[in-house]
Amino acid sequence: MAETETDVITVTFNGENTEQVKRGIPASEFLASVLSRKRSKNAILVRIDGELKDISAPLTHDCGIEAVFPGDDNTLEVLRHTAAHIMAQAVKELFTDVQVAIGPAIENGFYYDFDYQRPFTPEDLKKIEARMEEIVKRSQDITREDISLDEAEKRFEKLGEKYKLEILNVLDDQGEEEVSIYSQGEFVDLCRGPHLPHTGYLKAFKLTGLAGAYWRGDETQPMLQRIYGTAFFDKKSLKEYLNRLEEAKKRDHRRLGRDLDLFSVHEEIGPGLILWHPKGGIIRKIIEDFWRNEHFRRDYDMLFTPHIARRDLWKTSGHLDFYSENMYLPMDIDEVSYQLRPMNCPFHIAIYNSRIRSYRELPMRWCELGTVYRYERTGTLHGLMRVRGFTQDDGHVFCRPDQLSKEIHEILDLTLYVLRVFGFDRYEIYLSTRPDKYVGSDENWESATDALSQSLETQGLTYEIDPGEGVFYGPKIDIKIKDCLDRSWQCSTIQVDFNLPERFDVRYIGEDGQPHTPIMVHRALLGSLERFFGVLIEHYAGAFPLWLAPVQAIVLTVTDRQDQWAGSVTKKLKAAGIRTKADFRNEKLGKKIREAQLDKIPYMLIVGDQEVIDMTVSPRTRKGQKLNAMSLDDFIALVERECRDVFNC
RNA sequence: GCCGGCAUAGCUCAGUGGUAGAGCAGCUGAUUCGUAAUCAGCAGGUCUUCGGUUCAAGUCCGAAUGCCGGCUCCA
């Protein structure tokens, strides 16, 4: 201890009261002196100089301190982290020679990875849960020790925890000298903390899943067994969360895709290959029409290009070097090797290169609904979200360096508008920087990355940097949209490319009469029509907004006395461009309504004797709202207004 | 690709070694009915595929395929 240090330190509580206390007393002891007995008993953690710490943390220097209670910022994370430890403790108690790896809190809960001789079963999970309950009942103190790295190595060696030793090695390489370990009963874990004071705080938890996971997330490393769980401070929140999971299940696009007859996938056709049914097809057509119109409005031109090309093209583009693991094997045509395309860009470049370009032509904005084929490993396929053949709403902008930031700006504007029209107004934006495997000069990477970040900043968009996540040919902006259940989906992407123009010798003649290399920007707003459709289905739970609904209105008769008027209603609505169906079956109205409801048709038009006399229809919405009988013209106007309003956003 | 699970009628599922079942959907008939299911009848399956064990396999074993939950990867 340095000579200048005294045994008394100054502690400021809540930024107000200042107290002199003995150096080294636990924070809990201090809190007990300044808080009511009840309050100090309820505190679970402390914030020392803004940093979350154990409530037993010693106060070693002059500092500011606040008490932290259940439900305060970041406390759920601590609870879940403690839950992970309790689970590991339970597993260690039940299965003697199990090794523990890591166990963090994650977005919706926590997990812990284990190495065990045999796979855990769902029955094991129940046993583990029961043992956790027991540990909770024990209310075992969770204590922290700060020890030297050497000491830690000795302890974990004794415990035979080889994964912990590996972590200690990494910490050693990083130059750490001291680590913290946490103990509860017999269970000891290497951990940064903080943790709750004792195991009794875990009141509401559930183990939710069992899965394999690679050690350190690296597929060359051994596969461990991961047990997932979730925890909350109270049972009510846990129940709400579990209900939300149920709700998400009901919205699963794979289920709705079948129930609503939107699309299918067939074993005999091949996994990851999507068949769009008539109802999915009409939605796709509407999406595409909107997309095309919006692109024409913003000075894009439209291209159509083939799905295969000579292998040499992919050599030139660099895809064989950098993307071959995602490409299908070549096929021979007239003794020349061809390959299915995984991307559309080289074709657009070929069009660019079909003649000499002047700087006056730039920027050139080209788009295509381009179908590509990528080999995705079997285990990664997922409904419409991850497939092997899909159509990108692709586009390439060729521009001069001085035009880049304006172009990015306009692409962002277009992207966010399109997403809003589809009902997505919340998103996370990521700027991905240079990966390990890349082409192009460091200098180009840097200037491209700057252009992207500047465009984001001038539009006042907040974003996160995703280091090393760029594509091999350039940095990118990814937009992950958030759906109504708060889940995020990667769809839009904007990628600057300094590389392909070089490889294909893309040039324009500048003002100076000399050739220059343009910058190429790849962009997809929806990402792929397949994935976007999947996201849309889940976002709306299959109840598509009126402008997208495959059937917008269904005419329902009460008896066959109304067939004639109902028939002419149907005809007139169709003539007015409203996607209309008729259900004149000899069934009860209640049944027809039920079926239309299950089909999530926005408007049911009831036609009974009264409507025939008045020459009206009585609309009922799929939300169960009964509108007053109205004339056909009024109904048509209502539909048109509702559809039009979507675009004013 | 890896770890684990699953595969029975269009859908949801029952059937754990002894002759394949239900509900819904479908079809036929009756019923003419006002805001989420009218009644009756009929039809529908080489139990994913291939191989093995057994007197006997939907059921037990092995493999393949596909799907599901994750990991990794990603639009």
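When reading the values below, keep in mind they use all heavy atoms of this one structure, side chains included, and skip hydrogens, waters and symmetry mates. In what follows, chains carry the letters A, B, and so on, assigned in the order in which the sequence lines appear, proteins first and then strands, with residues in each chain numbered from 1.
- Between A/Phe424 and A/His539, the two ring planes are tilted [angle within 30° to 60°].
- Two residues, A/Leu384 and A/Asp259, neighbour RNA chain B, and the one matched to the more 5' nucleotide by heavy-atom proximity is A/Asp259.
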Please, what dot-bracket string fits RNA chain B when only Watson-Crick and G-U pairs with both distances under 3.5 Å count, crossing ones use [ ] and pairs to another strand use |? (((((((..((((....[..)))).(((((.......))))).....(((((..]....))))))))))))....
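- For A/Arg594, taking side-chain heavy atoms from C-beta onward, the closest of the listed nucleotides B/rG34, B/rA36, B/rC11 is B/rA36.
- The CZ atom of A/Arg255 lies 10.5 Å from the CG atom of A/Leu260; values are rounded to the nearest 0.5 Å.
- A/Val372 comes within 4.0 angstrom of nothing in the nucleic acid, heavy atoms only.
- Atom-to-atom, CG of A/Asp563 to P of B/rU32 comes out at 15 Å; the value is rounded to the nearest Å.
- A donor and an acceptor atom sit less than 3.5 Å apart, one in the side chain of A/Glu611 and one in the base of B/rG34.
- Each of B/rG70, B/rC73, B/rA36 was ranked by its minimum atom distance to the side chain of A/Gln597; first place goes to B/rA36.
- In summary, A/Lys480 and A/Asp466 do not engage in a salt bridge, as defined by a charged side-chain N under 4.0 Å from a carboxylate O.
- Between A/Glu410 and A/Arg298 there is no salt bridge, since no side-chain nitrogen of the basic residue lies less than 4.0 Å from a carboxylate oxygen of the acidic one.
- Nucleic acid contact class of A/Lys626 (heavy atoms, under 4.0 Å, all strands): base.
- One cannot find a donor-acceptor pair under 3.5 Å joining the base of B/rC71 and the side-chain atoms of A/Arg226.
- Taking for each of A/Cys491 and A/Leu381 the nucleotide of RNA chain B with the nearest heavy atom, the 5'-most of the two is the partner of A/Leu381.
- Taking only side-chain nitrogens and oxygens, A/Lys476 comes nearer than 4.0 Å to OP1 or OP2 of B/rA75.
- If you measure from atom CZ of A/Arg258 to atom P of B/rG10, you get 12 Å, rounded to the nearest angstrom.
- Relative to the side chain of A/Arg254, the nucleotides B/rU35, B/rU72, B/rC68 differ in distance, and B/rC68 lies closest.
- Nucleotides B/rA37 and B/rG18 are separated by 41 Å at their P atoms, to the nearest Å.
- More than 12 heavy atoms of other residues, nucleotides or ligands lie within 6.0 Å of CD in A/Gln221, so this atom counts as buried by the packing criterion.
- An aromatic stack links A/Phe390 and the base of B/rA75, using centre distance under 5.5 Å and interplanar angle under 30°.
- Looking at heavy-atom distances under 4.0 Å, A/Glu595 makes no contact with the nucleic acid at all.
- The number of heavy-atom neighbours closer than 6.0 Å to CE of A/Met615, taken from other residues, nucleotides and ligands shown, is 12 or below.
- Among the nucleotides B/rA75, B/rU72, B/rG34, the one closest to any side-chain atom of A/Glu219 is B/rU72.
- Residue A/Asn628 qualifies as open at atom CG: its count of foreign heavy atoms under 6.0 Å is 12 or below.
- A/Asp261 places its CG atom 13 Å from the P atom of B/rG26, with the value rounded to the nearest Å.
- Between the CG atom of A/Asp218 and the P atom of B/rC71 there is a distance of 15 Å, rounded to whole Å.
- Heavy-atom contacts from other residues, nucleotides or ligands closer than 6.0 Å to NZ of A/Lys482 number more than 12.
- In this structure, A/His382 reaches the B/rG69 phosphate: one of its side-chain N or O atoms is under 4.0 Å from OP1 or OP2.
- If you check B/rG34, B/rG1, B/rA37 against the side chain of A/Ile606, the one that comes closest is B/rG34.
- Among the protein residues, A/Gly379 comes within range of the nucleic acid bases, having at least one heavy atom under 4.0 Å from a base atom.
- A distance of 8.5 Å separates CG of A/Leu526 from CG of A/Leu369, quoted to the nearest 0.5 Å.
- Of the side-chain N and O atoms in A/Tyr323, none sit less than 4.0 angstrom from OP1 or OP2 of B/rC73.
- Going from atom CG of A/Leu556 over to atom P of B/rA37 covers 13 Å, rounded to whole Å.
- Within residues 112-124 of chain A, the residues that place at least one heavy atom under 4.0 Å from RNA chain B are, in residue-number order, A/Pro119.
- In this structure, A/Gly212 reaches the bases: a heavy-atom distance under 4.0 Å links it to at least one base atom across the strands shown.
- Residue A/Gln117 places its CD atom among more than 12 non-hydrogen atoms of other residues, nucleotides or ligands, all under 6.0 Å distant.
- OP1 or OP2 of B/rG1 has at least one side-chain nitrogen or oxygen of A/Thr378 nearer than 4.0 Å.
- Candidate nucleotides B/rC74, B/rC71, B/rU35 were compared by shortest atom distance to the side chain of A/Ser618, and B/rU35 ranks first.
- Put simply, A/Arg585 has no side-chain N or O that comes within less than 4.0 Å of OP1 or OP2 on B/rU32.
- The side chain of A/Arg561 sits closest to B/rU32 out of B/rU32, B/rG66, B/rC73.
- The structure places CZ of A/Arg523 at 11.5 Å from CD of A/Gln495, a figure rounded to the nearest 0.5 Å.
- When the nucleotides B/rU38, B/rG1, B/rA75 are ranked by their closest atom to the side chain of A/Tyr214, B/rG1 comes out on top.
- Contact check, A/Arg620 against B/rA36: a side-chain N or O comes under 4.0 Å of OP1 or OP2.
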One pair to check against ring pair (Phe, Tyr, Trp, His ring centres under 6.0 Å): A/Phe95 and A/Tyr116. What are the steps and the verdict? CA-CA 8 Å; A/Phe95 309 94; A/Tyr116 191 54; 5.2 Å; yes
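- The side chain of A/Glu267 has B/rG66 as its nearest neighbour among B/rC33, B/rG66, B/rG34.
- Checking B/rU35, B/rC33, B/rC74 against the side-chain heavy atoms of A/Val558 singles out B/rC33 as nearest.
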